[in-house]
Number of protein chains: 2
Amino acid sequence: MNDVKQTIAFRLGTLGALMQDRFAARIEAYDLKPKHVGLMAALRGGATAASQQDLAARLGVAPSLVVALADHLERLGAVERVRDPDDRRRQTLTLTERGAALLHDCAAAAAELDDEITASLPESERLALRDTLGRLAAGAGLPH
Amino acid sequence: MNDVKQTIAFRLGTLGALMQDRFAARIEAYDLKPKHVGLMAALRGGATAASQQDLAARLGVAPSLVVALADHLERLGAVERVRDPDDRRRQTLTLTERGAALLHDCAAAAAELDDEITASLPESERLALRDTLGRLAAGAGLPH
DNA sequence: TATTGTTATACTCTATAACTATA
DNA sequence: TATAGTTATAGAGTATAACAATA
């Protein structure tokens with residue numbers, strides 16, 4: 001391999017940036033950005049109610065960013081902060097019904113985007129791609 | 001599909017961000033960032049010597065960013081700016097020998113990263129992934 | 001007047017560090 | 001003293017807009 005542009009790493013980087021931009025454009029109407037969706041998805045996927053520090057570690061971002069994201073989501077009525085009575089320093093975030101609805105809409109937007117970008121691919125290749133990407137995400141320790 | 005995290009769009013976004021970070025860490029020693037590599041690769045791939053505006057359009061970034069990237073690469077001796085005698089407003093960028101060597105090293109770094117992230121994948125799946133990503137990039141109008 | 005490259009400026013994103021309250 | 005969350009601050013990255021040179 002002597003062409004950078006043909007490596008998996010480089011292509012994932014450029015395609016990823018493009019996908020993030022396009023996804024961001026699609027969810028802009030909901031006043032959400034990809035990171036907000038990531039946080040909401042982590043809340044739904046999480047087995048137990050998550051503290052903000054837990055979430056920061058899970059998403060691989062700074063705790064202060066979780067604060068900003070949670071502030072925004074709370075203003076939208078998508079999440080609720082509840083003080084843990086056992087340890088009053090702790091706040092657990094939970095997804096509201098409205099949050100679940102928003103998340104559902106975002107998932108639909110992402111699925112539409114999937115159809116759009118993979119339109120020229122045969123169905124089998126499309127499924128294989130999703131499968132492989134999932135395995136890579138799992139291997140890299142990303143939420144999946 | 002009712003889970004955002006399992007969509008191709010979302011996975012490409014998160015994996016892409018991760019790959020870009022890891023690639024950036026590997027080429028930091030050369031005093032380069034992924035965008036610099038993208039510019040150099042565009043220069044080598046381009047059939048004709050490219051003006052800075054051409055490059056901006058090809059890479060999908062603002063012209064002012066090309067100036068900053070080219071400034072940096074020029075300081076490293078990786079590219080040369082040559083005034084077009086036919087139209088003295090124009091400056092064509094060309095890759096120097098040193099630039100080609102740097103690009104080669106970056107390609108090697110990207111290939112290593114490929115091996116690392118796809119270590120757990122069977123060879124056939126790995127090849128299929130590279131192929132599919134190339135097709136997606138082509139379909140999205142990205143340099144490939 | 002239009003276009004190329006450049007410079008100046010501003011904005012977005014995110015991390016680091018300081019601070020508050022609880023433990 | 002240590003920890004959860006928050007706030008304040010700063011830096012990177014990049015775009016927009018103003019500007020200079022050339023056409």
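All of these numbers come straight from a predicted model, not from anything done at the bench. Residue numbers begin at 1 in each chain, while the letters A, B, ... track the order of the sequences.
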- Query: Counting side-chain heavy atoms from CB outward, which of C:dT4, D:dG5, C:dT6 is closest to A:Gln52?
  - Reply: D:dG5
Side-chain donor-acceptor contacts of residues 98-111 of chain A below 3.5 Å, not counting sequence neighbours, with atom names and distances?
| unit_1 | atom_1 | unit_2 | atom_2 | d |
| --- | --- | --- | --- | --- |
| A:Arg98 | NE | A:Leu76 | O | 3.0 |

- Sugar-phosphate, base or nothing in reach of A:Arg81, heavy atoms under 4.0 Å: sugar-phosphate
- Task: With heavy atoms under 4.0 Å as the rule, sort B:Gln53 into base, sugar-phosphate or nothing.
- Result: base
Gap between atoms [atom1] and [atom2], on [X] and [N] respectively (whole Å):
X       : N      : atom1 : atom2 : value
A:His72 : C:dT14 : NE2   : C1'   : 16 Å
B:Asp54 : C:dT3  : CG    : C1'   : 13 Å
A:Gln91 : C:dT20 : CD    : C1'   : 13 Å
A:Leu59 : C:dC13 : CG    : P     : 16 Å
B:Asp21 : C:dC13 : CG    : C1'   : 13 Å
A:Asp71 : D:dT6  : CG    : P     : 7 Å

- Salt-bridge test for A:Asp84 and A:Arg89: reply yes if a basic N is under 4.0 Å from a carboxylate O, no otherwise.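 Between A:Arg89 and A:Asp84 there is no salt bridge, as every charged N stays at least 4.0 Å from the carboxylate O atoms.
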- Item | SB check A:Asp115 A:Arg126 (cutoff 4.0 Å) |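 Result for this pair is yes, salt bridge flagged.
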Using residues 20-29 of chain B as the side-chain source, report each donor-acceptor pair under 3.5 Å to any protein atom, sequence neighbours left out, with the distance given to one decimal.
| unit_1 | atom_1 | unit_2 | atom_2 | d |
| --- | --- | --- | --- | --- |
| B:Arg22 | NH1 | B:Glu116 | OE2 | 3.4 |
| B:Arg26 | NH1 | B:Glu112 | OE1 | 2.9 |
| B:Arg26 | NH2 | B:Glu116 | OE1 | 2.4 |

- Item | Worked check of side chain to side chain donor-acceptor pair (under 3.5 Å) between B:Arg81 and B:Gln52 | CA-CA 10 Å; B:Arg81 280 184 167 107; B:Gln52 298 188 184; 2.9 Å; yes
- Residue A:Arg83 excluded, over 12 heavy atoms near CZ under 6.0 Å: yes
- Per-nucleotide protein contact along nucleotides 13-23 of chain D, 5' to 3', at a 4.0 Å heavy-atom cut-off (B base, S sugar-phosphate only, - neither), is SSBB----BBS
